[in-house]
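All remarks here apply to the structure that follows.
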Amino acid sequence: MPELPEVQTVVDDLKKAIVGATIVSFDSFWKKNVACGVQKFKKEVVGKKIEDIQRRAKFIIFKLEGDSVIILHLRMTGQLLLEKSISKSKKTTLLPKKKYIRHKWELKKNDEEYNLLFHDIRKFATVDWTDNIGNYKSFKKLGVEPFSDEFTVAKLAVILKSKRTIRSVLLDQQLIVGIGNIYVSEILFGAGIYPGRLADSLTKHEISELYEKIITILSRAITLRGTTFSDYRDSEGKIGGFQNFLKVYNKEGKQCEKRGCTEIIQKEALNQRSSFWCAECQKSIKNY
Ligand SMILES: [Zn+2]
């Protein structure tokens, strides 16, 4: 499932390519995931220019001229693929599996024409439109953005005043947005904290370490264009690069990579999701 670094990569790429483009047409082949209704969506977006592309949590927001927005969410397997068409008769074919294209936009920017294809195997990805983003229901309960000025060590300390496990607090999108199963394992390994520790048991020093790892690991993953295990692709259909630098996620049974550590990476179900950790490097549980 795409997390913050993957969504940010898609947003950054699309921003470079299609800000300033006009939406020429829209077609949906999976209409029930167009939340506002296909007819309304078409009426509101066709003919409009895309003025900006932004991310909020794991939502992708296209700001349109006239103060309305398209809101997309990749969910489990969504991919937003941008296909540049040289001419109407000679279109490049980016994807072999056309049957998984659920929605399609034709775009025009100066003399360039593009197809923006929303490819989604599992069919959970969503499309919506609103002219009242300030009141958009899905945004109301979202937590703090890790890269915002609001997210500080002090803010993290407040968030961690909880009797839940540190892992479940970091995954709670109403507290901090964008961290999922992959990055939570990597961040807790980096900070040397056992995933099952109670959030409010962290020391001041551990909270600072954790804060630093949240920022540095997410930043590095963005620089490396995200992590691909199965479905995630960037807007050119290419895989990410961070999977080559993972330390614990999906590494159960392998020796810990930290210098001098001879432990084997463990996999454990916590809150029904798999958690990966090193018993030596994240042994702080023994103190609690
Ligand atoms: Zn280790």
Between [atom1] of [X] and [atom2] of [Y], what distance do you get to the nearest 0.5 Å?
X	Y	atom1	atom2	value
K43	F26	NZ	CZ	15.0 Å
E6	E3	CD	CD	6.0 Å
K123	W30	NZ	CH2	3.5 Å
L170	N181	CG	CG	12.0 Å
F62	D52	CZ	CG	10.5 Å
K99	H119	NZ	NE2	9.5 Å

Does anything in [range] pair up under salt bridge (Lys or Arg N to Asp or Glu O under 4.0 Å), and if so which pairs, sequence neighbours excluded?
range	value
residues 26-38	none
residues 208-228	D13-R225, R225-D234
residues 149-166	E150-K155, K163-D200, R164-D172

Quick one: are [X] and [Y] in side-chain contact, heavy atoms under 4.5 Å?
X	Y	result
L224	N244	no
I18	W105	no
R75	M1	no
F29	K104	yes
L210	I166	yes
P146	L4	yes
I176	L156	yes
L74	Q79	no

Nonpolar side-chain network containing I71, other nodes, edges under 4.5 Å: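 Direct or chained contacts put I71 with F59, I61, V69, I133, Y136, F139, L142, V177.
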All side chain to side chain donor-acceptor pair (under 3.5 Å) counterparts of D12, not counting sequence neighbours: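 Q8.
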Which residues share a side chain to side chain donor-acceptor pair (under 3.5 Å) with T227, sequence neighbours left out: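 Listed in chain order: Y183.
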Partners passing side-chain contact (heavy atoms from CB on, under 4.5 Å) against I215 (at least two apart in sequence or in another chain):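 side-chain contact (heavy atoms from CB on, under 4.5 Å) list for I215, sorted by chain: F147, F151, Y211, S219.
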Set of residues satisfying side-chain contact (heavy atoms from CB on, under 4.5 Å) with respect to T223, sequence neighbours excluded: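 Listed in chain order: nothing, the list is empty.
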For [X], what residues pass the salt bridge (charged side-chain N to carboxylate O under 4.0 Å, His left out) criterion, not counting sequence neighbours?
X	result
E263	none
R55	E145
K108	none

Sub-3.5 Å donor-acceptor pair from the side chain of [X] to the main-chain atoms of [Y], do we have one?
X	Y	value
K109	A17	yes
Q173	L171	yes
E65	K49	yes
N33	T126	no
T77	R122	yes

For the student: nearest non-hydrogen atoms of V34 and S28, plus distance: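 Closest approach of V34 to S28, heavy atoms only: CG2-OG, 3.7 Å.
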Please report, to 0.1 Å, the donor-acceptor pairs under 3.5 Å made by any side chain of residues 250-259, with sequence neighbours excluded.
unit_1	atom_1	unit_2	atom_2	d
Q255	NE2	C261	O	3.2

Co-membership, hydrophobic cluster, residues F229 and I179, 4.5 Å side-chain: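 Same hydrophobic cluster.
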Common cluster, F242/I239, ILVMFWY with side-chain heavy-atom separation under 4.5 Å: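 No, F242 and I239 fall in different hydrophobic clusters.
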Evaluation steps, side-chain contact (heavy atoms from CB on, under 4.5 Å), between I50 and L64: CA-CA 5 Å; I50 300 166; L64 303 180; 4.1 Å; yes
Step-by-step side-chain contact (heavy atoms from CB on, under 4.5 Å) determination, I23 to I70: CA-CA 11 Å; I23 299 170; I70 291 172; 3.8 Å; yes
Test log, rule side-chain contact (heavy atoms from CB on, under 4.5 Å), inputs E106 and N115: CA-CA 5 Å; E106 284 184 333; N115 292 325; 3.4 Å; yes
Verdict with supporting geometry, L80 and S235, side-chain contact (heavy atoms from CB on, under 4.5 Å): CA-CA 6 Å; L80 273 172; S235 64; 5.6 Å; no
Ring pair (Phe, Tyr, Trp, His ring centres under 6.0 Å) partner of F276, chosen from Y249, Y194, F189: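 Single ring pair (Phe, Tyr, Trp, His ring centres under 6.0 Å) partner of F276 among Y249, Y194, F189: Y249.
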Candidates L188, I187, I182 - the one meeting side-chain contact (heavy atoms from CB on, under 4.5 Å) with V184: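 Running side-chain contact (heavy atoms from CB on, under 4.5 Å) over L188, I187, I182 with V184 returns exactly one hit, L188.
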